[in-house]
*Asks:* 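Before we start, here is the structure in question, set down as structure tokens.
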Amino acid sequence: MKKLLLFASTLMLLIICFTVNAYADNRVSSIDIDASLNKDGSAVITQVWKGSFNEGTECYYPFNTKGELEITDFTVSDENGAFETLDSWDIDASFSEKARKCGLNYTDYGYEVCWGISQYSNNTYTVKYTVKNLVGSFDEEDGFNFRFVNDEMNTGPTAVTVTISMADGTPLTDSNSDIWAFGFDGDIQFLNNGTIYAKTSSDVDSDNHVTIMCGFEKGIFSSLESRNKSFEDFKETAFDGSDYETDEDSVFVSIIAAAMVLVIAIIFGTLIISAIARKKRFKRFEKECGYFRDTPNNGELNVSYNLALAFKQCSEGDIIGARILQMISRGNIEGVKEETTGAFGRVRETVSLRLVKPPEDENSFNRRLYNILSSAAGSDGILQEKELSKYSENHYKRLRTYLDDCNTDGESILINRDCYSKVSIPLTNYGYEDLRSLSENGKKELAELIGFKKYLLDFSLISEKEINESVLWQDCLVYAVLLGIADKVANQLKEVYPQYIEDIDNYVYHINYIHLYCIGMMNSIRSQEAEARSSGSGGSASFGGGGGFSGGGSGGGTR
């Protein structure tokens with residue numbers, strides 16, 4: 001119930017957050033952070049702040065050293081060059097006195113990192129400094145727990161990225177490092193280039209922070225300062241209040257949390273109404289969409305997948321089934337019916353997938369999926385359901401990367417087509433997104449997808465003797481699989497094309513087994529991601545937790 005209590009507390013803080021951000025004239029659109037770790041445990045941290053600054057005299061953020069850390073070599077620059085670094089900083093100085101200057105304001109807990117806004121406009125500030133003793137030595141591992149972006153900032157950033165790497169080029173991987181993230185909605189992962197990368201997926205409001213904990217195997221660093229504690233104790237402090245932990249909570253906490261949730265539910269009734277309004281806007285849009293008789297979104301499955309995920313027209317992973325069926329229709333894969341006899345003589349019929357020939361385009365998403373399926377099938381080139389499920393357990397990152405790339409590719413195409421009213425609102429939350437985030441171009445793309453879905457469900461009822469000649473019935477089933485309506489569409493097809501009933505039934509037979517393949521694959525991916533996430537292999541961040549951090553703090557923004 002700690003998560004429930006944390007959630008309730010978070011909702012309370014959101015009231016203050018909405019009030020502050022609704023009227024602030026300053027906006028920080030993004031903070032991109034690079035942390036380059038040295039062998040001695042120090043780190044060169046570079047922050048790039050982008051935003052609109054139209055009031056106040058300075059940007060700042062508190063930095064609690066906890067008696068362990070020290071900041072040196074502090075510099076700030078913007079598009080016009082370097083700022084002057086002062087030996088001491090006067091927070092009460094005027095706008096002109098702070099212009100193009102920066103400095104550290106020394107406090108009882110450490111520092112405030114400060115620089116002058118310098119000009120009221122859209123600005124980009126590059127803030128750079130060295131943190132000594134960031135990485136500490138523990139009994140079994142070396143590591144740190146560092147708050148890269150504070151909570152309670154009066155101008156919290158819309159988006160944050162954090163990249164962590166070794167200055168000497170030593171790759172940081174799942175085999176030599178453990179990673180966890182706290183305080184924000186987003187994820188953290190190991191990249192193929194040997195770096196650690198964290199990214200937020202929603203605004204960092206006053207109740208959010210970006211705190212990252214890393215553990216490193218001994219030998220990567222040298223001459224570190226001892227933290228005089230075990231890494232497990234260090235980790236336990238950070239895990240407290242997070243969803244990484246699984247401890248049961250007391251009845252008292254449960255009662256308090258339940259009461260708080262009830263109160264917050266009443267307070268946030270207007271927010272719920274707003275969410276319902278968004279859903280109603282979509283339903284109204286959906287109702288107004290006319291039939292679309294051609295392949296939607298220029299036939300680009302990734303675009304359709306991105307839109308379908310965003311507006312709850314499909315489930316994550318449905319793109320796999322659609323592409324497998326597409327490759328079956330093109331002769332790349334062949335469905336093979338097999339019969340197996342159980343222990344009690346019961347005959348069970350299944351479908352295996354024979355990998356016949358790779359798609360011609362080596363860079364296509366179908367080719368990438370074909371290669372994945374081929375690896376899972378083994379030397380005989382025939383893939384069975386259990387083989388894909390087992391392969392997904394051992395190579396879940398490869399499958400996850402493929403799914404994310406399909407979605408990101410669709411999103412990129414939509415951005416290039418000017419489909420967003422605000423590029424900072426991509427359709428990646430997998431829920432009823434606000435239609436206002438789409439431009440007219442974006443609404444047209446969505447209308448094509450919704451209209452094609454309606455057409456597939458209704459074409460036998462609207463006196464159409466055949467599908468638009470530019471769309472093959474096999475392609476109709478590919479999109480039907482993507483949109484989760486294959487059985488219904490198959491019935492429509494058989495009414496319009498009675499001469500193909502046997503072929504259509506054969507496709508539906510394969511589709512049912514493809515669906516089982518995809519369910520097993522997604523279950524394997526999700527179970528492995530959950531296990532890996534808690535063990536330090538990356539994954540989604542925990543909104544709660546992150547205590548015991550050695551640097552950073554609360555507050556900051558502009559003043």
Side-chain angles (χ1 to χ4, degrees), residues 173-174 186-193 197 199 201 297 299-310 313-330 332-333 353 355 357-378 381 383-414 426-430 478-479 481-484 511 513-533 537-540:
T173 67
D174 192 18
D187 58 52
I188 185 170
Q189 58 185 305
F190 293 102
L191 299 185
N192 292 333
N193 62 2
Y197 181 74
K199 181 180 181 180
S201 57
N297 314 128
E300 291 162 314
L301 276 177
N302 288 345
V303 173
S304 300
Y305 179 56
N306 179 266
L307 289 169
L309 275 177
Q313 301 300 301
C314 75
S315 299
E316 186 184 29
D318 284 346
I319 187 69
I320 299 286
R323 290 197 175 280
I324 290 176
L325 187 63
Q326 190 175 69
M327 285 190 282
I328 288 176
S329 71
R330 295 176 179 178
N332 304 116
I333 297 176
L353 301 178
L355 285 302
K357 59 180 180 180
E360 294 181 1
D361 184 358
E362 293 185 1
N363 297 319
S364 71
F365 280 84
N366 279 1
R367 180 63 174 261
R368 283 180 60 184
L369 179 57
Y370 184 94
N371 291 338
I372 291 173
L373 300 179
S374 181
S375 298
L383 179 65
Q384 298 174 334
E385 179 187 339
K386 290 183 179 180
E387 287 180 318
L388 180 58
S389 180
K390 184 66 176 177
Y391 182 84
S392 300
E393 286 183 7
N394 298 326
H395 302 86
Y396 67 94
K397 290 184 179 180
R398 185 181 183 187
L399 272 300
R400 168 56 61 196
T401 298
Y402 179 80
L403 288 171
D404 290 346
D405 286 351
C406 288
N407 190 37
T408 301
D409 179 65
E411 180 181 288
S412 298
I413 294 172
L414 289 171
L427 304 180
T428 53
N429 290 336
Y430 306 169
V478 169
Y479 277 87
V481 169
L482 178 67
L483 299 170
I511 287 169
Y513 276 98
I514 290 171
H515 183 62
L516 294 176
Y517 274 58
C518 292
I519 289 176
M521 178 196 72
M522 291 307 303
N523 286 341
S524 295
I525 292 173
R526 288 168 179 150
S527 65
Q528 292 301 308
E529 285 180 335
E531 181 178 339
R533 177 176 176 268
S537 293
S540 60

*Asks:* Got a sec: does the CG of N193 have more than 12 other heavy atoms crowding it under 6.0 Å?
*Replies:*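 More than 12 heavy atoms, drawn from other residues, nucleotides or ligands, come within 6.0 Å of this atom.
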
*Asks:* Within a strict 4.5 Å, meaning less than it, do heavy atoms of the Q313 and L307 side chains meet?
*Replies:* no

*Asks:* What is the minimum heavy-atom distance between C518 and G321, and which atoms define it?
*Replies:*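 Where C518 meets G321 most closely, the heavy atoms are SG-N, 3.5 Å.
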
*Asks:* I'd like to check L399 versus I372 (side-chain heavy atoms, cut-off strictly below 4.5 Å). Are they in contact?
*Replies:*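 In contact.
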
*Asks:* Between Y370 (side chain) and I333 (backbone), is there a donor-acceptor pair under 3.5 Å?
*Replies:* no

*Asks:* Please assess R400 against Q528 for the test side-chain contact (heavy atoms from CB on, under 4.5 Å), listing each intermediate value before the final yes or no.
*Replies:* CA-CA 11 Å; R400 168 56 61 196; Q528 292 301 308; over 6 Å; no

*Asks:* Can you measure from NZ (K199) to CD1 (I188) and round to the nearest 0.5 angstrom?
*Replies:* 14.0 Å

*Asks:* So, taking the atom named OG in S527 and the one named CE in M522, what distance separates them when rounded to the nearest 0.5 Å?
*Replies:*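 S527 atom OG to M522 atom CE measures 10.5 Å (nearest 0.5 Å).
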
*Asks:* Please evaluate residues Y402 and I320 with respect to the criterion side-chain contact (heavy atoms from CB on, under 4.5 Å), reporting the C-alpha separation (whole Å), side-chain torsions for both, the decisive distance (0.1 Å), and the verdict.
*Replies:* CA-CA 9 Å; Y402 179 80; I320 299 286; 3.5 Å; yes

*Asks:* Looking at every heavy atom in both R367 and E360, which two are closest together, and how far apart are they?
*Replies:* NH1-O, 4.0 Å

*Asks:* Measuring from atom CG of N371 to atom CZ of R398, what distance do you get when rounded to the nearest 0.5 angstrom?
*Replies:*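 Spacing of CG (N371) from CZ (R398) equals 6.5 Å.
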
*Asks:* Ignoring hydrogens and angles, tell me if any N or O in the side chain of Y479 forms a donor-acceptor pair with the backbone of S304 under 3.5 Å.
*Replies:* no

*Asks:* Test your reading of the model: is there a side-chain donor-acceptor pair from S315 to the backbone of D318, 3.5 Å cut-off?
*Replies:*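 No; zero donor-acceptor contacts below 3.5 Å.
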
*Asks:* Just verifying a value: how many Å separate L388 CG and L353 CG, rounded to the nearest 0.5 Å?
*Replies:*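 Here the interatomic distance stands at 8.5 Å.
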
*Asks:* Is there a side-chain contact between I319 and L482 in this structure, where contact means two heavy atoms from C-beta onward sitting under 4.5 Å apart?
*Replies:*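 Side-chain contact under 4.5 Å: yes.
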
*Asks:* Using every non-hydrogen atom in the two residues, find where G381 and A377 come nearest and quote the distance to one decimal.
*Replies:*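 Distance-wise, the nearest heavy atoms are C-CB, 4.0 Å.
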
*Asks:* So do F365 and L301 actually touch side chain to side chain, heavy atoms under 4.5 Å?
*Replies:* no

*Asks:* Nearest 0.5 angstrom please: Y391 OH to S374 OG, how far?
*Replies:* 9.0 Å

*Asks:* Check step by step if side-chain contact (heavy atoms from CB on, under 4.5 Å) holds for H395 and S375.
*Replies:* CA-CA 10 Å; H395 302 86; S375 298; over 6 Å; no

*Asks:* Please tell me if the side chains of D187 and Y197 come closer than 4.5 Å, counting only heavy atoms from C-beta onward.
*Replies:*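 Sidechains of Y197 and D187: no contact.
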
*Asks:* Mind checking the CZ-OG1 spacing from R368 to T401? Nearest 0.5 Å is all I need.
*Replies:*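 So the gap between those two atoms works out to 7.5 Å.
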
*Asks:* Please determine whether the number of non-hydrogen atoms from other residues, nucleotides or ligands lying under 6.0 Å from atom NZ of K397 exceeds 12.
*Replies:*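 Check passes, neighbour count above 12.
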
*Asks:* Please tell me if the side chains of I324 and V481 come closer than 4.5 Å, counting only heavy atoms from C-beta onward.
*Replies:*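 The answer is no; the side chains never approach within 4.5 Å.
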
*Asks:* So do P359 and M327 actually touch side chain to side chain, heavy atoms under 4.5 Å?
*Replies:*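 Answer yes - side chains close enough.
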
*Asks:* Is there a donor-acceptor contact under 3.5 Å from the side chain of S389 to the main chain of E385?
*Replies:*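 Not at all, since once roles are kept as given, no pair shorter than 3.5 Å links the two residues.
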
*Asks:* Are N366 and R323 close enough that some pair of their side-chain heavy atoms sits under 4.5 Å apart?
*Replies:*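 Yes, close enough: below the 4.5 Å cut-off.
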
*Asks:* Yes or no on side-chain contact (heavy atoms from CB on, under 4.5 Å) for I511 and H515, after CA distance, side-chain angles and deciding distance?
*Replies:* CA-CA 6 Å; I511 287 169; H515 183 62; 5.5 Å; no

*Asks:* For the backbone of N407 and the side chain of Y305, can you confirm whether one donor and one acceptor N or O come within less than 3.5 Å of each other?
*Replies:*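 Checked: no pair found.
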
